[in-house]
Every structure is written in structure tokens, then in C-alpha cells.
Amino acid sequence: MAITIEACAVVGERATAMLGAQTPDLRADEALVKVRAVALCTLEQRVFRGGLKVPLPFVGGHEVSGEIAALGDGANPKMLKVGGRVAVRLLHNCGECYYCRTGHTNLCVQAQKKPVREGLYPGPGGLCDYIVVRTSALFPIADALTFEEASLTEPLACCVHSVERAESGFGQDVLVVGGGIMGQMHCMLAKLRGARVILSETDETRRALGLAHGADVAVDPASQDLEEVIRGLTDGRGADVAINTTAIPEVFAQTLHVIGKTGRLVQYSSMHPDGPAPVSPQMLHSSEMVLTGSISPDEVDFFKANRLLNLGIVSVRKLISAAYPLREAQAAFLHAIVPNTFRTIVTD
């Protein structure tokens, strides 16, 4: 029997609306999840501001945790049960394209074309009372973990993917550029992999938090020469790894000059607006430097992030700035777009 969803926060340009929706009947491999917490990612913020155009109505929210309200007939009773607390992976992948077949599900060609079930609205769907998902997208969360903390599984998984792409290791020098929420997570993860972590961030509060999250050195690039600091720390070599979490093309270009021979630069953040950055082919030739990117987590990254949070290896408590009930979604978005805010959470 279909269940009526009481409310959804439908994202528009600086506006939210309360609409009713009807859930479809569950298929054998699906679950109905009562959403308990959803974090407002940069994507939702861009839609809210009007910078990212989407067909309306659009239900955002892809950083989600909740409680299983119902299960289809195909659920595994050993792993999932009604009432179970779960983190939800909402990135869509078709499972059939070249990238899915070769293990790169985060690069699925259908990633932005999630099928819309009957009676539901387009979008990832987390900003609703309930959400219908495949049971394979559910990851049980520990009793000690709050729903708010568990909603940050997805962004942590993104950073896990990025640090894996960086291939950082014991005793290496890793530069993290930007001390926002993603930069803070990168500091934690790079430190766990045995690196000396250097954070470049202009904001004093974020630099201090980065030091608390595992950074060994915090640099203010507005008042210090970042390249000079890095060269001084590394006997003139440059960083082994640099991860740029900012969305500023000029910062990407600057970061190129602080990497040593055989170093790796990971462009983590998406660029909005995008812009060119000069790269010297001769520098690549002579240094054997590797330039790469990182976008979205696959299932393995999400599983690892789930484990890191469940086991208490990583704590994201200090990265939650505020929480608002769904009925105050407008206020939540207005808070989320304030500069220097980490994650704002919408709760049930």
C-alpha cells in the first residue's frame, strides 16, 4: 500500500515549498526510509541561490541518514530490519555503462539522470519525510552515532575517494588547500594515512580547527608565501601531494608551483564558474608530476566512510554548524549560505 508523504522541501531560487507526494509501492529490492537528517551540500545551496538551474519542482538533499520504515520482499533480514538506523547513498549509477562495468560507478554516464519513480519529484529526494531507495544503498550506523553525524557519511566518502586518488602515504608531505568542511575532512584522512599535513587557509578559525583535525602546520597564504613555506619544510623539494578543495582557478594554478618531482595534485572541488589555469607542459615533462581530479564516491568509498564513523576513527561533530527542523527549511538554507558555515543539517 502506498504511504502518503506529509511534507517535502522543494528547492527553488531562494524559496521552499511544502508539497504532498505519494510514494510508490515498494519493489522487492527497495526500502522506505524515514529521513532523520539531511545535510545541505554546496549543490543544494547553488540550486537555492539560483546559480545551478534545475527543472522545478526539485527535491534536493543527498547527504542523508534515517530509519527504515518498510522493506520490500527482497531485503536481507540479517543486515536490514524495520527500525534500523542507516546512512543512505543516493548517488545514482546505472550499473551497465562502461564506467560502471569497470568499477568506476562514480563516473556513470547516467549519474545525473536518476529515474523518477511514479508519484515522486525529481532530484535526490533527501529533503522529504520519507525516501524510497534500493536496499543496497543502505549502510547501518552505530548506536553511538547521531543521525546528524551519520548524514555526513556521503561528504566523508567523497574525501575518502579523493585521498585514495592522491595515493598519499607514510611520511609524505600533503598540502590541503582550503579549510572548509572538505578541507577539514582531508586533513583528518591524510593524517590517518601517516602524512605530515600542511593546511593552507586564510581564515584563522579554520586554521585552528584544521590543526585540531590533524594538520601539523597551518599556513595563511594571505600573509605568508605558501611556496616559500612548503619549500622550507621539505628541504626545497615541494609537497608530495596537494589537494585543492577550493573552487578558485587561480588557486589551482598557484598550487602547481608547490609540488615536488613525482608529486600529485588532486583537484577536489568543482569549479563554478569554471576558468582556465595555465599549465606548463615542460614542467610536467621534467617533473613527472601527476594532475588528476576527484568526483563523488563509489560504493567502496561510502562503505569505508561508514566504517570510519561507526568505529569512531573519524569524528565530524565539529563540522556541524546548526540543525533546523524540516518545517524551517527556508531558515536552514539561509544559514547554510552564510560564509564560513560548515554543514547545516535539516532534521525530522
Side-chain angles (χ1 to χ4, degrees), residues 6-18 33-52 58-67 85-88 90 123-129 131 141-142 144-159 178-188 201-213 245-247 269 305 309 312 314-348:
E6 296 175 357
C8 293
V10 181
V11 182
E13 297 183 7
R14 293 183 175 274
T16 57
M18 304 305 287
V33 175
K34 175 70 174 81
V35 176
R36 295 296 187 186
V38 53
L40 300 181
C41 179
T42 307
L43 182 146
E44 279 79 31
Q45 295 173 37
R46 287 175 181 149
V47 174
F48 180 76
R49 288 174 179 268
L52 180 62
F58 174 86
V59 182
H62 62 280
E63 299 178 358
V64 173
S65 67
E67 189 175 19
R85 303 167 75 248
V86 291
V88 187
L90 288 176
L127 284 165
C128 259
D129 284 329
I131 187 169
I141 58 178
L145 204 63
T146 67
F147 284 116
E148 290 81 4
E149 292 166 333
S151 70
L152 298 188
T153 304
E154 197 274 347
L156 181 60
C158 288
C159 296
I181 181 171
M182 298 307 187
Q184 299 292 330
M185 289 182 175
H186 275 92
C187 286
M188 299 180 203
E201 167 58 50
T202 58
D203 183 79
E204 181 179 2
T205 301
R206 291 186 171 189
R207 288 198 303 273
L209 188 58
L211 291 170
H213 280 148
T245 71
T246 76
S269 177
L309 291 173
V314 166
S315 172
V316 294
R317 293 187 187 94
K318 294 181 180 179
L319 301 180
I320 298 173
S321 295
Y324 291 80
L326 180 60
R327 65 179 177 275
E328 297 178 18
Q330 178 78 10
F333 272 96
L334 291 173
H335 181 273
I337 63 176
V338 173
N340 290 335
T341 300
F342 287 114
R343 272 298 186 267
T344 301
I345 312 291
V346 175
T347 62
D348 64 338

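Owing to the predicted nature of the structure, the values given are computational and were not obtained by experimental measurement.
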(request) Check V59 against C128 and note the closest heavy-atom contact, atom names and distance. (result) CG1-SG, 4.0 Å

(message) Just so I know, are the side chains of E44 and P124 near enough to count as touching, which here means a heavy-atom distance under 4.5 Å?
(response) yes

(request) Specify the closest pair of heavy atoms between D129 and K34, including all atoms of both residues, with the distance to one decimal. (result) O-CD, 3.4 Å

(request) Please examine the side chains of E148 and V316, heavy atoms only from C-beta on, and report whether any two atoms are closer than 4.5 Å. (result) no

(request) Grab the two heavy atoms, one from G126 and one from V64, that are nearest each other, plus how far apart they are. (result) CA-CG2, 3.7 Å

(message) Using a 6.0 Å distance limit plus a 45 degree cone around the ring axis, check whether R49 lies over the aromatic ring of F333.
(response) no

(request) Please list, chain by chain and in numerical order, all residues satisfying salt bridge (charged side-chain N to carboxylate O under 4.0 Å, His left out) with R207, sequence neighbours excluded. (result) D220

(message) Quick one: does any side-chain atom of Q184 pair with a main-chain N or O of G210 as donor and acceptor, under 3.5 Å?
(response) yes

(message) Return the OG to NE2 distance between S151 and H62, rounded to the nearest 0.5 Å.
(response) 11.0 Å

(request) For the residue pair L319 and M188, establish whether any side-chain heavy-atom pair is separated by less than 4.5 Å. (result) yes

(request) Drop me the distance from E154's CD to C41's SG, to the nearest 0.5 angstrom. (result) 6.5 Å

(message) I need the minimum non-hydrogen distance between T344 and A336, along with the two atoms involved.
(response) OG1-CA, 3.4 Å

(message) Using side-chain heavy atoms (C-beta onward) and a distance below 4.5 Å, is F342 in contact with R206?
(response) yes

(request) Determine, step by step, whether L40 and L127 satisfy the side-chain contact (heavy atoms from CB on, under 4.5 Å) criterion, reporting the C-alpha distance in whole Å, the side-chain angles of both residues, the deciding distance to 0.1 Å, and the verdict. (result) CA-CA 9 Å; L40 300 181; L127 284 165; 4.2 Å; yes

(request) Please step through side-chain contact (heavy atoms from CB on, under 4.5 Å) for the pair I131 and L90, ending with a clear verdict. (result) CA-CA 10 Å; I131 187 169; L90 288 176; 3.7 Å; yes

(message) Less than 4.5 Å apart, side chain to side chain, heavy atoms only: is that true for L309 and E149?
(response) no

(message) Taking P325's backbone N and O only, do any of them form a donor-acceptor pair with E328's side chain (distance below 3.5 Å, no angle check)?
(response) no

(request) Could you tell me whether the side chain of P155 reaches within less than 4.5 Å of the side chain of M185, counting heavy atoms only? (result) yes

(message) I need the minimum non-hydrogen distance between A87 and T153, along with the two atoms involved.
(response) CB-OG1, 3.6 Å

(message) A side-chain contact here means heavy atoms from C-beta on lying under 4.5 Å apart; do N340 and T205 qualify?
(response) no

(message) How close do F58 and G123 get, counting heavy atoms only, and between which atoms?
(response) CE1-CA, 3.5 Å

(request) Evaluate the side-chain proximity of I141 to R85: yes if any heavy-atom separation is below 4.5 Å, no if none is. (result) yes

(message) Taking side chain to side chain contact (heavy atoms under 4.5 Å, CB included) as the criterion, tell me which of V35, T347, D348, V346 meets it with L326.
(response) V346

(message) List the residues meeting ring-ring contact (aromatic ring centres under 6.0 Å, His included) with Y324, not counting sequence neighbours, and say none if there are none.
(response) H335

(request) Check salt bridge (charged side-chain N to carboxylate O under 4.0 Å, His left out) between E67 and all other residues, then give those that pass, not counting sequence neighbours. (result) R36

(message) Using 0.5 Å steps for rounding, measure from the CD1 atom of I181 to the SG atom of C158.
(response) 10.5 Å

